[in-house]
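These figures come from a predicted structure and were not determined experimentally.
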Amino acid sequence: MNVLVDNLGLFGQAFLQTVELFVIAAIGSLIGGMLLAAMRVSPVPVLRSFGTVYVNTVRNTPLTLVFFFFAFAYPRLEILDLSFFTRACAALIVYTSAFVCEVVRSGINTVPVGQAEASRALGFTFSQTLGSIVLPQAVRSVIPPLTNIEIALLKNTTIAAGFSVAEAGSLYQTLSERGYNVLVGLLWVAAGFVILVIPLTAFQQRLERRWSVAR
């Protein structure tokens, strides 16, 4: 208990950084995943090809390598001078977007084809059909897998600790330097992540109950 009490400020600051990293990456990956899913079902061959290549490449690339790219290769491109935190967010967004895309695309495939055909017969464009007819129905069926991806994203933020981002995964280094029991400290870190996951799970269950009634 002393490990937590004596370093309460350190734990609070580290988990605040973790939450910030998670929220930014979650929002970015949801937007990116939706755009990629739209590309993958687009009638434009170039967009479909880009979406397919992106998803297949990123899904089969370890997240650590994506972090290595943004930590060491990106600065050599001399495009924008970004902080380690911003680059960590970008790495998580690039990686997680591919998984969000596939979940959303699977949800799109559950919507009867006849609805899209009917909307096109009424003069709807592809964007209108996707945004107004297909996606609202698809999202209902993908909430559980999307929540699992976001939970995985939350845990993946710990990789940023190896790239100079002071979040919860880096606490063990400071605790070790201060002479505290690192194992006990890591147990408190694990408990902190459990506490962060609980609201996500509760939010998922609430949406499932609400939308099951709506059906």
Open item on the list: Using 0.5 Å steps for rounding, measure from the CG atom of L47 to the CG atom of L35.
Closed with: 10.5 Å

Task: Close side-chain approach of E150 and L30, heavy atoms under 4.5 Å - done: yes

Open item on the list: Can you confirm whether V94 sits close enough to F69 that some side-chain heavy atom of one is under 4.5 Å from a side-chain heavy atom of the other?
Closed with: no

Task: Pairwise side-chain contact, V19 with T157, heavy-atom cut-off 4.5 Å (strictly under) - done: no

Task: Partners passing salt bridge (Lys or Arg N to Asp or Glu O under 4.0 Å) against E102 (at least two apart in sequence or in another chain) - done: R40, R59, R105

TODO: Identify the two heavy atoms, one from Y95 and one from N156, that lie closest to each other, and give their separation to 0.1 Å.
DONE: CE2-ND2, 4.3 Å

Open item on the list: Are V41 and I31 connected into the same hydrophobic cluster when the rule is that any two of I, L, V, M, F, W, Y join if their side-chain heavy atoms are below 4.5 Å apart?
Closed with: yes

Open item on the list: Grouping I, L, V, M, F, W and Y whenever their side-chain heavy atoms are under 4.5 Å apart, do V100 and I27 come out in a common cluster?
Closed with: yes

Open item on the list: Please find the pair of heavy atoms, one from S29 and one from L153, that lie closest to each other, and give the distance.
Closed with: OG-CD2, 4.2 Å

TODO: Find out if a path of hydrophobic residues (ILVMFWY) with successive side-chain heavy-atom gaps under 4.5 Å connects V197 to L16.
DONE: no

- [ ] Decide whether V103 and L130 are clustered together by the hydrophobic rule: side chain heavy atoms of Ile, Leu, Val, Met, Phe, Trp, Tyr closer than 4.5 Å, transitively.
- [x] yes

Task: Test item: T96 side-chain N/O and I93 main-chain N/O as donor-acceptor pair under 3.5 Å - done: no

TODO: Nearest 0.5 Å please: distance from the CG atom of L21 over to the OG1 atom of T86.
DONE: 10.0 Å

Open item on the list: Let me confirm one number: the CD-CD1 distance from Q128 to I133, rounded to the nearest 0.5 Å.
Closed with: 9.5 Å

TODO: Check whether V44 and V134 end up in the same hydrophobic cluster, where Ile, Leu, Val, Met, Phe, Trp and Tyr are linked by side-chain heavy atoms less than 4.5 Å apart.
DONE: yes

TODO: To the nearest 0.5 Å, tell me how far N148 CG sits from T201 OG1.
DONE: 8.5 Å

Task: Heavy-atom side-chain proximity of V104 to L135 below 4.5 angstrom - done: yes

Open item on the list: Tell me the closest heavy-atom pair linking S106 and V142, and the distance in Å.
Closed with: OG-CG1, 4.4 Å

Open item on the list: When you compare the side chain of F22 with that of L196, does any pair of heavy atoms fall below 4.5 Å?
Closed with: no

Open item on the list: Does any part of the side chain of E20, heavy atoms only, come nearer than 4.5 Å to the side chain of C89, both counted from C-beta?
Closed with: no

Task: Reported OG-to-CG distance for the pair S97 and L92, which is rounded to 0.5 angstrom - done: 10.0 Å

- [ ] Measure across L36 and G51 and return the closest heavy-atom pair with its distance rounded to 0.1 Å.
- [x] CD2-CA, 4.4 Å

TODO: Taking the side chain as every heavy atom from C-beta outward, state whether P75 and R87 have any atom pair closer than 4.5 Å.
DONE: yes

Open item on the list: Is any side-chain heavy atom of T18 closer than 4.5 Å to one of F193?
Closed with: yes

Task: CZ-CG distance between F70 and L82, expressed to the nearest 0.5 angstrom - done: 9.0 Å

Task: Under 3.5 Å donor-acceptor, S42 side chain and A38 backbone - done: no

Open item on the list: Could you check whether R206 makes a cation-pi contact with F203, meaning its NZ or CZ is under 6.0 Å from the centre of the six-membered ring and within 45° of the ring axis?
Closed with: no

Open item on the list: Could you report the tightest heavy-atom contact between C101 and V55, atom names first, then the distance?
Closed with: SG-CG2, 3.7 Å

